[in-house]
There are 2 protein chains.
Amino acid sequence: MSQSTVSLVLSGKASGRVAAATADLVRAAADELGYQPNAAARTLKSGASRTIGLVVPDITNPVFGHVLRGAQSAATAAGYTVVLVDADGDGTGGEASVRALRQTFVDGLLVFAIAPPEAALAPGGPPVVLMDMPDGDLPTVTLDLKGGVHAAMEHLLGLGHERIAHLRADIAEPTFAARAAAWARALHGAGLDAGEDLVARCAFTHTAARAAGNTLLARDPRPTAVLCDDDLLAAGLLLAARDRGLTVPGDLSVVGFDDMPLAELLTPPLTTVRFDAQALGGRAVDVVLAHIRGDEDAPRRAWIETSLVVRESTGPLPRP
Amino acid sequence: MSQSTVSLVLSGKASGRVAAATADLVRAAADELGYQPNAAARTLKSGASRTIGLVVPDITNPVFGHVLRGAQSAATAAGYTVVLVDADGDGTGGEASVRALRQTFVDGLLVFAIAPPEAALAPGGPPVVLMDMPDGDLPTVTLDLKGGVHAAMEHLLGLGHERIAHLRADIAEPTFAARAAAWARALHGAGLDAGEDLVARCAFTHTAARAAGNTLLARDPRPTAVLCDDDLLAAGLLLAARDRGLTVPGDLSVVGFDDMPLAELLTPPLTTVRFDAQALGGRAVDVVLAHIRGDEDAPRRAWIETSLVVRESTGPLPRP
DNA sequence: ATGAAAGCGCTAACAA
DNA sequence: TTGTTAGCGCTTTCAT
């Protein structure tokens, strides 16, 4: 029996070209021998690896774990495999890994919220889609950050708050810039000032947030509510409030971002902006896949909704 | 200029075989053209992909994120890439992904604390090392769970506790069996009984732990301390204690496991057993690499130490 | 309905 | 020191 017959059968192109009996024979033999087609040879010949790469800034963050899951299940359904790169994991901001990936012949690349490694953009490469990072040229899947922040601010404003501060991650990424802009817009929309006295910045850890929070809460007049760029920062701020003998939500309302698992476990449970990270991953896969196939109408923009989860860290303005 | 010359130069085997001037020329040209050797062809020819696969049960758990990082940096240093598979991510317990990986020609496979997918063990496959899962045949890297539990129990015993319960993850994995055995041993060692009345079981979520905790804490006599299989379960138990008006550590001491980021953020901050997840990942890579190279003295067993981090969720036995 | 043969891009043994 | 050549295992076209 010849190679080509086997190839035809095992790659499911046998219908109408190979006798059913022969096909069954082939499958039985393959099964018995535990035969697995060699992916390298297949890739070499066909020029496609049926693999897509996903670059995330920090896989240690559960949010990105969910993104990976969503991506993995969408990819598996389409017969693709996803390969994860943690940009911090290799000590080169992902450059080394992305280079390795491209060599490896990924058919597509998903880059989440970090300056895309140069290597990802080099010409001649596979289609790239950016996640949570608006861009003029590349296709993107973005979160409705504005909507999420807006909902949070409406909630706070509705509770009577006016001095609503913003605890920012001190990281120059569009995702954080978008949060800041939406915060300021909401304040302006309510006829309020979005001054620097309402802004605090810190590194992306709860320890840094605690320190920055202590400074922020020492200001006079003190903010009565704080919107935080992430749940981790909100957790640090909760600690700072406790440091200063402030009660949440009695003296201070706190809103987080991401709805990480810990949000529910904090004291008090955190009001936070949630988005469906798994859907984000799945959607991004759908988009690259369309570009890989070369679809005429492959989407260039996709959005993932956000929503506000109200728990116990927000309450009415304290009456002095 | 011939293919072989270029190949020699670019794979760093030029010394003494290619003129320095030619080599420079090749490199310059490669650089200018942005030439990347085709990994599929290289793999096909050489039979090695310089890629190792890592299978984890739940990438959403920060612990596994750290494992991946450790693995990734050790691998990068050795010129390898690591490919992650989340066993839950593809809806087939990792079978589909592992099969894909093997097709992809991983040179080695790391499997963390889940029944290794059948596909991983099929004969003719690459070397496999198991993490946190003792096994007779395969090489393993295991945590010193006994040591960790022992330290926690000594701590509790030293505080005067005698009714030390065990809140267990209801999952049949060796890692949890080891914790249970060590818990019982410590109790016996102190002349105490390790009866079923001190045991509670629940699914691996804080909600389940909260429910199980409520039941456990309603027993008479009530345990004065609880060892939990994971920080997430401990977080659920903290909630249960609060449900019942119990104070921690005043009325109840709680010990977690893993030292997840949230441990520090809970109220009160959690006493917990820590291990260096990053080191675990790195060590596992070192071990597979040795097996891949076919080293005579490739290690079959490696251990990662654990330690007890004492925070504020444990305290002296309540005086009735 | 099946088989023969070419070639994907690389490495390595060998020849010049 | 450089070039020629033979595959690695597969897919696919073309002949049978």
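Proteins get letters first, then strands, A, B, ... in listed order; numbering begins at 1 in each.
Rounded to 10°, the angle separating the first-five-pair axis and the last-five-pair axis of the helix from C:dA1-D:dT16 to C:dA16-D:dT1 equals 40°.
Nearest heavy-atom pair across B:A41 and A:L44 is CB-CD1, 3.6 Å.
Annotation: side chain to side chain donor-acceptor pair (under 3.5 Å) contacts involving residues 130-142 of chain B, sequence neighbours excluded, comprise B:D132-B:T175, B:T140-B:R301, B:T142-B:W303.
In this structure, the salt bridge (charged side-chain N to carboxylate O under 4.0 Å, His left out) partners of B:D295, at least two apart in sequence or on a different chain, are B:R293. In this view, A:H66 and A:A277, A:Q278, B:T60 satisfy the side-chain contact (heavy atoms from CB on, under 4.5 Å) rule, not counting sequence neighbours. Applying the side-chain contact (heavy atoms from CB on, under 4.5 Å) criterion to B:I304, with sequence neighbours excluded, gives B:V141, B:L143, B:A279, B:L280, B:R283. With sequence neighbours excluded, no residue satisfies salt bridge (charged side-chain N to carboxylate O under 4.0 Å, His left out) with A:D144. The side-chain contact (heavy atoms from CB on, under 4.5 Å) test applied to B:R17 returns B:L8, not counting sequence neighbours. Checked against salt bridge (charged side-chain N to carboxylate O under 4.0 Å, His left out), A:R300 has no partners two or more places apart in sequence or in another chain. With sequence neighbours left out, B:A29 forms a side-chain contact (heavy atoms from CB on, under 4.5 Å) with no residue at all. With sequence neighbours left out, A:R50 forms a salt bridge (charged side-chain N to carboxylate O under 4.0 Å, His left out) with no residue at all.
On the nucleic acid side, DNA chain C contacts chain B at distances under 4.0 Å to non-hydrogen atoms, with the end points of that region at C:dG9 to C:dA12.
Checking D:dT13, D:dT1, D:dT4 against every side-chain atom of B:T22, the shortest atom distance belongs to D:dT1. In the set D:dT2, D:dT13, D:dG3, the nucleotide with an atom closest to the side chain of A:S4 is D:dT13.
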For nucleotides 6-9 of chain D, give me every protein contact, N/O to N/O, under 3.5 Å, one pair per line with atom names.
unit_1: D:dG7; atom_1: N2; unit_2: B:K45; atom_2: NZ; d: 3.0
unit_1: D:dG7; atom_1: N3; unit_2: B:K45; atom_2: NZ; d: 3.4
unit_1: D:dG9; atom_1: N2; unit_2: A:A41; atom_2: O; d: 3.4

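Atom-to-atom, CG of A:L8 to P of D:dT12 comes out at 9 Å; the value is rounded to the nearest Å. The separation between B:L25 atom CG and D:dT1 atom C1' is 14 Å, rounded to whole Å.
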